[in-house]
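Submitted below is the structure of interest, expressed as structure tokens.
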Amino acid sequence: MARESEFLALGDEALHAVIGPNSRHIALIEDRFKVLVETPGGGVSINGSARDRAQAKRVIEILADRADQGVEITEADVRTALGAAVAQPRAGQGSVAPDAVALPVGRRGAIAPKTAAQARYLELLSRCELTFGVGPAGTGKTFLAAAYGASLLRRGQVDRLVITRPAVEAGEKLGFLPGDLNEKVDPYLAPIWEALNDILGPDDVRRRRDKGEIEAAPIAFMRGRTLSHAFIIVDEAQNLTRLQMKMVLTRLGEGARMVVTGDPSQIDLLNRRDSGLPHALRILEDVKGVGVLKFEAQDVVRHAMVERIVRAYDADAASPSPDLEEPRR
């Protein structure tokens, strides 16, 4: 098959994003499609077979478009674009991250979905009063929920951001932890604080917490409350019991929205059947105003190894468990 060269003109920002740190992004593209990518100035030159060039070009176009939107390009973006280019090798066949759902709230620029599933998730968050985002670790379900809530708070569309999750896991009890309530709860909410700090900045998060615009509390503190004009994030929901799930879902007040995130494969309850998340998904999926997005292993954006780990565990769960060997005497 003939190998030819094709030149693609890019702006400085887009070119820098496509190259990546130490040319890492180009190396990933070259390795996946067996092409040679060079940067002679003002763009990139792609050398390879017609099919390989078309797919490599599609990756570069996706990355350049995201960079032009002000999105910071990471290796996760490159891996996602590589997969999208195989499924959609020609421009105009769909986009990984539609402009309509990009969130201009990040300290490093706009926050846009990295996968088609993330784009659908943000679309559900925008139109549903109650959204469930469920799936394996590393799919961005909690980060995007925090980003969306922060965008509503910044635009004044909600008065506060309320974050809650079960604070008792793996036999641990809050009473044995030192400090006041915030100091006891914060370690359990570390993933959300990290996301909000990355989105809003630590100073803004601290100021909004002091003003009561951002509130964090364990599930038990939600009982009896009505949360109006708020965006509520219920994280690690697989560890809620059925009664706790019903209680927290019915906290919704006027002008409020809620997102429930969790991974049904990581239930820490002593009796897995007590989990309220699978139960809620079963009885609420077709209820008006409820949206459900189920992420899969291919939606993992955290690290390539995380996707491989998730797939290995999924395969193990789907296969018959081998009998335990008798201990040798």
Donor-acceptor contact below 3.5 Å, side chain Arg32 vs main chain Gln55:
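No; zero donor-acceptor contacts below 3.5 Å.
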Are the side chains of Leu249 and Met258 in contact, using a 4.5 Å heavy-atom criterion?
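Answer yes - side chains close enough.
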Point-to-point distance, once rounded to the nearest 0.5 Å, from CD1 of Ile163 to CZ of Arg209
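Answer rounded to 0.5 Å: 7.5 Å.
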Within the 4.5 Å heavy-atom criterion, are Arg272 and Gln238 side-chain neighbours or not?
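With C-beta onward as the side chain, the pair stays apart.
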Would you sort out whether Arg127 and Glu123 count as a salt bridge (Lys or Arg N to Asp or Glu O under 4.0 Å), showing the intermediate values?
CA-CA 7 Å; Arg127 65 178 176 86; Glu123 191 270 330; 2.6 Å; yes
Kindly determine whether Asn47 and Glu38 satisfy side chain to side chain contact (heavy atoms under 4.5 Å, CB included), including the steps that lead there.
CA-CA 8 Å; Asn47 184 274; Glu38 298 176 305; 5.9 Å; no
Would you mind reporting whether Leu63 and Val78 have side-chain heavy atoms less than 4.5 Å apart?
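They are in contact (side-chain heavy atoms under 4.5 Å apart), so the answer is yes.
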Check Ala14 against Ala67 and note the closest heavy-atom contact, atom names and distance.
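So the two residues come closest at CA-CB, 3.9 Å.
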Counting only heavy atoms not in Ile283 (residues, nucleotides, ligands), do more than 12 fall under 6.0 Å from its CD1?
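More than 12 within 6.0 Å, yes.
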Quick one: side chains of residues 224-233, donor-acceptor pairs under 3.5 Å with protein atoms, not counting sequence neighbours, listed by atom name and distance.
from, atom 1, to, atom 2, distance (Å)
Arg225, NH1, Glu215, OE2, 2.6
Arg225, NH2, Glu215, OE1, 3.2
Arg225, NH2, Glu215, OE2, 3.3

Can you list the residues that meet the side-chain contact (heavy atoms from CB on, under 4.5 Å) rule with Glu75, with sequence neighbours excluded?
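side-chain contact (heavy atoms from CB on, under 4.5 Å) list for Glu75, sorted by chain: Arg24, His25, Leu28, Arg79.
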Step-by-step side chain to side chain contact (heavy atoms under 4.5 Å, CB included) determination, Leu240 to Val248:
CA-CA 9 Å; Leu240 295 180; Val248 76; 4.1 Å; yes
Could you pull out the closest heavy-atom pair between Val37 and Glu30, with the gap in Å?
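Where Val37 meets Glu30 most closely, the heavy atoms are N-OE2, 2.8 Å.
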Could you grab the distance from atom CG of Leu161 to atom CG of Leu196, nearest 0.5 Å is fine?
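Here the rounded value is 6.0 Å.
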Side-chain donor/acceptor of Gln244 to backbone N/O of Thr241, under 3.5 Å
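It does hold such a pair.
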I'd like to know whether Thr131 forms a side chain to side chain contact (heavy atoms under 4.5 Å, CB included) with Leu293, so could you lay out the CA-CA distance, the side-chain angles of the two residues, the decisive distance to 0.1 Å, and finally the verdict.
CA-CA 8 Å; Thr131 302; Leu293 198 291; 5.6 Å; no
Under the side chain to side chain donor-acceptor pair (under 3.5 Å) rule, collect the residues that match up with Asp286, sequence neighbours excluded.
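Per chain and number, Asp286 pairs via side chain to side chain donor-acceptor pair (under 3.5 Å) with no residue.
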Stepwise salt bridge (Lys or Arg N to Asp or Glu O under 4.0 Å) test for Arg242 and Asp274:
CA-CA 6 Å; Arg242 294 188 181 192; Asp274 289 340; over 6 Å; no
Does the Gln118 side chain pair with the main chain of Thr139, one donor and one acceptor, at a distance under 3.5 Å?
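Flag set: sc Gln118 to bb Thr139 pair under 3.5 Å.
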Atom CZ in Phe132, atom OG1 in Thr261: separation rounded to 0.5 Å?
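So the CZ of Phe132 and the OG1 of Thr261 are separated by 10.5 Å.
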Sidechain N-carboxylate O distance under 4.0 Å for Arg160, Glu213
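Glu213 and Arg160: not salt-bridged.
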Determine whether more than 12 heavy atoms belonging to other residues, nucleotides or ligands lie under 6.0 Å from atom CD of Gln157.
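Yes - once you tally the heavy atoms of other residues, nucleotides and ligands closer than 6.0 Å, there are more than 12.
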Which value, rounded to the nearest 0.5 Å, describes the distance between Ile29 atom CD1 and Leu36 atom CG?
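Spacing of CD1 (Ile29) from CG (Leu36) equals 12.0 Å.
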Ring centers of Tyr121, Phe295 separated by less than 6.0 Å:
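They qualify: ring centres under 6.0 Å apart.
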Without swapping roles, check the side chain of Ser49 against the backbone of Asp52 for a donor-acceptor pair under 3.5 Å.
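Yes; judged by distance alone, with no hydrogens or angles, the pair exists.
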Can any side-chain N or O of Ser23 pair as donor or acceptor with the backbone N or O of Ile19 at less than 3.5 Å?
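No, Ser23 side chain to Ile19 backbone: no donor-acceptor pair under 3.5 Å.
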Heavy-atom closest contact (Ala237 atom, Leu277 atom, distance)
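So the two residues come closest at O-CB, 3.8 Å.
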Any side-chain heavy-atom pair of Leu200 and Arg154 under 4.5 Å
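A side-chain contact under 4.5 Å exists here.
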Surrounding CG of Asp12 (heavy atoms of other residues, nucleotides or ligands, distance under 6.0 Å), is the total greater than 12?
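No.
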Would Leu252 and Val287 show up in the same hydrophobic cluster when neighbours are defined by side-chain heavy atoms closer than 4.5 Å?
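Yes, it is one cluster - the side chains of Leu252 and Val287 are joined through contacts under 4.5 Å.
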Are Pro278 and Leu281 side-chain neighbours, meaning at least one heavy-atom pair lies under 4.5 Å?
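Counting from C-beta outward, Pro278 and Leu281 never come under 4.5 Å.
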Quick one: does Val18's side chain get under 4.5 Å of Ile73's, heavy atoms only?
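No, too far: nothing below the 4.5 Å cut-off.
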Under the 3.5 angstrom rule, does the side chain of Asn197 hit a backbone N or O of Trp193 as a donor-acceptor pair?
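Yes; judged by distance alone, with no hydrogens or angles, the pair exists.
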More than 12 heavy atoms of other residues, nucleotides or ligands under 6.0 Å from CG of Asn22: yes or no?
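No, because the 6.0 Å sphere around CG of Asn22 holds 12 heavy atoms or fewer from other groups.
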Does the pair Asp235 and Val260 meet the rule for a side chain to side chain contact (heavy atoms under 4.5 Å, CB included), with working shown?
CA-CA 6 Å; Asp235 195 34; Val260 179; over 6 Å; no
Treating Asn239 as the side-chain partner and Asp268 as the backbone partner, does any N or O pair qualify as donor plus acceptor under 3.5 Å?
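Yes, the answer is positive, given that a donor and an acceptor are paired below the 3.5 Å cut-off.
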When rounded to the nearest 0.5 angstrom, what distance separates CG in Leu130 from CG in Leu284?
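Going from CG on Leu130 over to CG on Leu284, the span is 7.0 Å.
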For the NE2 atom on His279, are there more than 12 heavy atoms of other groups (residues, nucleotides or ligands in this structure) within a distance under 6.0 Å?
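Yes, because the 6.0 Å sphere around NE2 of His279 holds more than 12 heavy atoms from other groups.
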Could you pull out the closest heavy-atom pair between Ala280 and Met245, with the gap in Å?
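Heavy atoms of Ala280 and Met245 come nearest at CB-CG, 3.9 Å.
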To the nearest 0.5 Å, what is the distance between CE (Met222) and OG1 (Thr250)?
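If I round to the nearest 0.5 Å, the distance is 12.0 Å.
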So, the side chain of Arg251 versus the backbone of Met247: is there a donor-acceptor pair under 3.5 Å, distance only?
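Looks like yes, one N/O pair under 3.5 Å.
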Any side-chain heavy-atom pair of Phe7 and Pro40 under 4.5 Å
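Side-chain contact under 4.5 Å: yes.
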Which atom names give the shortest non-hydrogen contact between Ala56 and Ile46, and what distance separates them?
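So the two residues come closest at CB-CG2, 4.0 Å.
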Intermediate values then yes/no, salt bridge (Lys or Arg N to Asp or Glu O under 4.0 Å), Arg207 and Asp210:
CA-CA 5 Å; Arg207 179 179 62 82; Asp210 292 341; over 6 Å; no
Please give me the minimum heavy-atom distance between Asp263 and Ala137, naming the atom from each residue.
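Closest approach of Asp263 to Ala137, heavy atoms only: OD2-N, 3.9 Å.
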Answer yes or no: is there a donor N or O on one side and an acceptor on the other, between the side chain of Arg257 and the main chain of Cys128, under 3.5 Å?
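Side chain of Arg257 to backbone of Cys128, a donor-acceptor pair under 3.5 Å: yes, one is there.
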Please tell me if the side chains of Ile192 and Phe143 come closer than 4.5 Å, counting only heavy atoms from C-beta onward.
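No. Closest side-chain heavy atoms not under 4.5 Å.
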